[in-house]
2 protein chains.
Amino acid sequence: MAAATPRRQPTLDEVAERAGVSRSAASRVINQAPHVSRATREAVERAIKEMGYLPNRTARALATRQTGIVALAVSHDDPELFADPFYAQIIVGVSSVLEDTDLHLLLCLASSGRGRSRLTNLLRTRGVDGIMLMAMSEDDPLNRIVSQAGLPAVYGGRPSHFEPQWYVDSDNLGGARLATEHLVGLGRTRIATIRGVLGSEAGDARYRGYREAMVMAGLTPHGVVEGDFTEAGGAAAMRTLLDSHPDLDAVFTASDNMAAGALRVLTEAGRSVPGDVAVVGFDNLGIAERTDPPLTTVHQSIQALGKEMTRMLLALIAGQDRTSVILPTRLVLRGSA
Amino acid sequence: MAAATPRRQPTLDEVAERAGVSRSAASRVINQAPHVSRATREAVERAIKEMGYLPNRTARALATRQTGIVALAVSHDDPELFADPFYAQIIVGVSSVLEDTDLHLLLCLASSGRGRSRLTNLLRTRGVDGIMLMAMSEDDPLNRIVSQAGLPAVYGGRPSHFEPQWYVDSDNLGGARLATEHLVGLGRTRIATIRGVLGSEAGDARYRGYREAMVMAGLTPHGVVEGDFTEAGGAAAMRTLLDSHPDLDAVFTASDNMAAGALRVLTEAGRSVPGDVAVVGFDNLGIAERTDPPLTTVHQSIQALGKEMTRMLLALIAGQDRTSVILPTRLVLRGSA
DNA sequence: CCTATAACCGGGAGCGCTTCCAGTATTTCG
DNA sequence: CGAAATACTGGAAGCGCTCCCGGTTATAGG
């Protein structure tokens with residue numbers, strides 16, 4: 001039960017010596033560089049296998065100026081917001097594409113000023129090869145740092161009022177339009193909306209989509225209330241909506257959580273869904289299947305968002321150019337509309 | 001709008017030159033080492049400020065053999081399980097203590113064999129200074145690697161049938177006993193349990209706690225069914241329980257999610273809660289407040305678990321010894337019992 | 001068979017930092 | 001005031017790798 005003596009890992013020099021070649025030659029076979037004879041390659045490969053050699057990441061990083069690490073930074077004032085399953089999904093997506101590379105993922109929850117300055121240092125000391133940023137507000141000092149650092153950086157979700165060079169976002173506008181058009185197609189004419197919080201890009205874009213679809217259909221918004229993306233917020237919003245526009249016959253809600261709250265309030269108020277009023281949500285979270293009735297909603301794949309961000313970052317690190325991408329959304333029909 | 005030319009970061013040599021001292025002297029002031037005169041220190045500090053110098057992490061890592069990075073590894077066959085809010089809470093806890101250090105967090109979702117071998121390499125190449133492991137099964141090859149690597153390693157949640165040298169866990173056993181004793185104190189005598197999945201440490205420990213409390217009270221288990229920790233699983237379990245033991249008057253459920261399912265089935269079956277049957281859950285997740293009636297449950301702080309794991313790891317890295325810790329749990333009284 | 005070309009090889013200079021050590025300046029104290 | 005202790009200092013040797021470059025050997029071509 002004695003702890004195995006942590007035998008020191010062999011170095012490249014030792015491998016080279018055992019293989020009877022120079023360190024340069026050994027390095028070449030490891031990096032699959034050209035100009036290495038068959039005999040040399042085999043000798044080195046044998047030595048590597050026999051000694052269980054693995055190149056030291058740090059030394060390699062110092063020599064190549066590449067750390068083999070990418071960062072995912074979530075900049076929020078409230079660290080609790082990270083608990084939103086949204087980020088877990090992002091991470092699953094990111095990890096799945098990283099898994100086929102030899103890059104690792106550094107996770108930075110930069111909430112406090114201290115956290116942000118740690119992140120700044122990390123970038124300036126070239127501690128990572130690239131970075132993915134989420135939930136950045138337009139005035140976050142990180143934006144400046146990131147662009148100054150001259151480091152590949154992709155944004156997840158386009159920040160409002162600020163167009164970064166590279167970002168990946170879901171088609172919030174298109175999805176909202178889809179949802180609203182569906183309501184219109186159902187023959188509804190008094191369509192309200194519970195919009196997301198003002199100033200959040202997703203909230204704004206979904207609201208624009210709603211408006212555009214209304215205009216196209218020759219309708220005017222029939223009640224607009226702001227919610228905070230939570231279930232409780234959706235419930236509250238629905239109550240004020242019922243007060244101000246008791247005759248509404250449909251509502252487009254900018255998130256499933258808010259839709260769930262709205263649904264609850266509607267049935268409590270004696271309105272049948274979708275009979276009296278049709279409801280459609282946004283996100284297609286698990287909760288959408290468990291509401292009563294099940295929620296018709298706009299699907300966005302968060303894992304796909306994470307994957308696409310990562311692919312883009314890898315391309316940038318490899319020196320390729322890329323253009324920002326908007327991921328499609330689609331309508332999922334269930335019982336509520 | 002031209003991208004700022006990413007000016008190369010100054011090196012220690014340049015700082016030393018500007019300060020008119022040797023590199024060694026400059027290094028000493030940066031590392032707050034002794035034997036540096038006041039004049040030298042001030043000259044170097046001024047140079048650092050003027051040039052905006054920041055030590056290069058990689059070079060320092062190579063010289064000190066310390067990377068300044070710790071890993072959090074979640075080893076699951078199903079990457080989706082990472083989406084459980086449990087891990088997000090862990091990460092929030094971990095990050096909050098890391099924030100006061102200059103260590104960064106590497107997140108490894110090691111699901112596939114590929115992911116696991118990446119992790120193995122990371123450890124063997126000394127890519128991290130220490131590691132926190134979660135959700136390890138006893139036969140995971142990682143266990144061997146970790147102990148062989150001779151690297152500080154703390155487990156989150158003691159794996160079943162395997163006692164690692166350092167771990168942090170919630171007091172699952174004590175919590176379950178508390179819950180069951182509460183039921184006993186309420187005068188209930190026909191107490192069933194929906195236990196967690198067999199072979200999971202948490203599930204087993206909570207079950208043992210239930211049994212111990214029953215024995216202490218001179219009662220015998222009145223129905224034991226296994227659930228899978230999900231709401232649906234809890235509902236199914238409750239149904240079979242109602243079939244086999246229709247006269248039960250209480251049930252201890254090994255998770256809030258399962259309890260929510262059980263609650264639903266009970267009211268559907270016409271049993272009043274807590275009138276006919278009292279229910280207590282485990283975890284104190286958000287859902288516990290939203291069930292009908294609100295769920296009496298055992299609280300465990302997952303963030304605290306993350307924090308404690310991190311503190312322990314930091315201590316180990318610093319060369320201090322530590323002993324494993326069990327975090328207390330407590331009963332939260334709500335309407336269901 | 002001899003030269004032009006290409007394939008291969010190892011020496012060595014980094015990458016940017018820490019740290020040991022021998023040497024010099026400064027105290028301290030008998 | 002001189003010797004022993006002490007505080008500083010900079011040179012230099014790493015840490016383990018990559019990669020340029022001049023030199024050597026194999027291949028081709030005339």
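The sequence lines fix the lettering, A, B, ..., with proteins before strands; numbering per chain opens at 1.
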**Prompt:** Can you check the B/R8 CZ to C/dG16 C1' distance for me, whole Å?
**Reply:** 10 Å
**Asked** If you measure from the Lys or Arg side-chain nitrogens to the Asp or Glu carboxylate oxygens, is any gap between A/R23 and A/D13 under 4.0 Å?
**Response** yes
**Asked** Is there a donor in the side chain of B/D129 and an acceptor in the side chain of B/T67, or the other way round, less than 3.5 Å apart?
**Response** yes
**Item:** Value in whole Å for how far the P atom of C/dT19 lies from CG of B/L12
**Value:** 12 Å
**Fill in**
Walking DNA chain D from its 5' end, the first of B/G20 and A/P55 to be reached, judged by nearest nucleotide, is B/G20
**Start and end of the DNA chain D segment that chain A contacts, any atom under 4.0 Å from a heavy atom** = D/dG16 to D/dC19
**Message:** Looking at B/N56, I'd like to know whether one of its side-chain N or O atoms comes within less than 4.0 Å of OP1 or OP2 on C/dC15.
**Reply:** no
**Message:** At 4.0 Å (heavy atoms only), tell me whether A/T64 reaches a base, stays on the sugar-phosphate, or touches nothing.
**Reply:** sugar-phosphate
**Message:** Using a heavy-atom cut-off of 4.0 Å across all strands, would you classify A/R65 as base, sugar-phosphate, or nothing?
**Reply:** sugar-phosphate
**Message:** By the 4.0 Å heavy-atom rule, please label B/T40 as base, sugar-phosphate, or nothing.
**Reply:** sugar-phosphate
**Asked** What distance separates A/I48 CD1 from A/L12 CG, expressed to the nearest 0.5 Å?
**Response** 8.0 Å
**Prompt:** Have B/S27 and B/S24 got a donor and an acceptor in their side chains that come within less than 3.5 Å?
**Reply:** no
**Asked** Any side-chain heavy-atom pair from A/I326 and A/Y167 closer than 4.5 angstrom?
**Response** yes
**Interatomic distance where CD belongs to A/E17 and P belongs to C/dG10 [whole Å]** = 13 Å
**Asked** Is A/S37 touching bases, backbone alone, or none of the nucleic acid, heavy atoms closer than 4.0 Å?
**Response** sugar-phosphate
**Asked** B/R23 or A/L62: which one's nearest nucleotide on DNA chain C is closer to the 5' end?
**Response** A/L62
**Request:** State whether a side-chain donor-acceptor pair under 3.5 Å links B/R116 with B/S75.
**Result:** yes
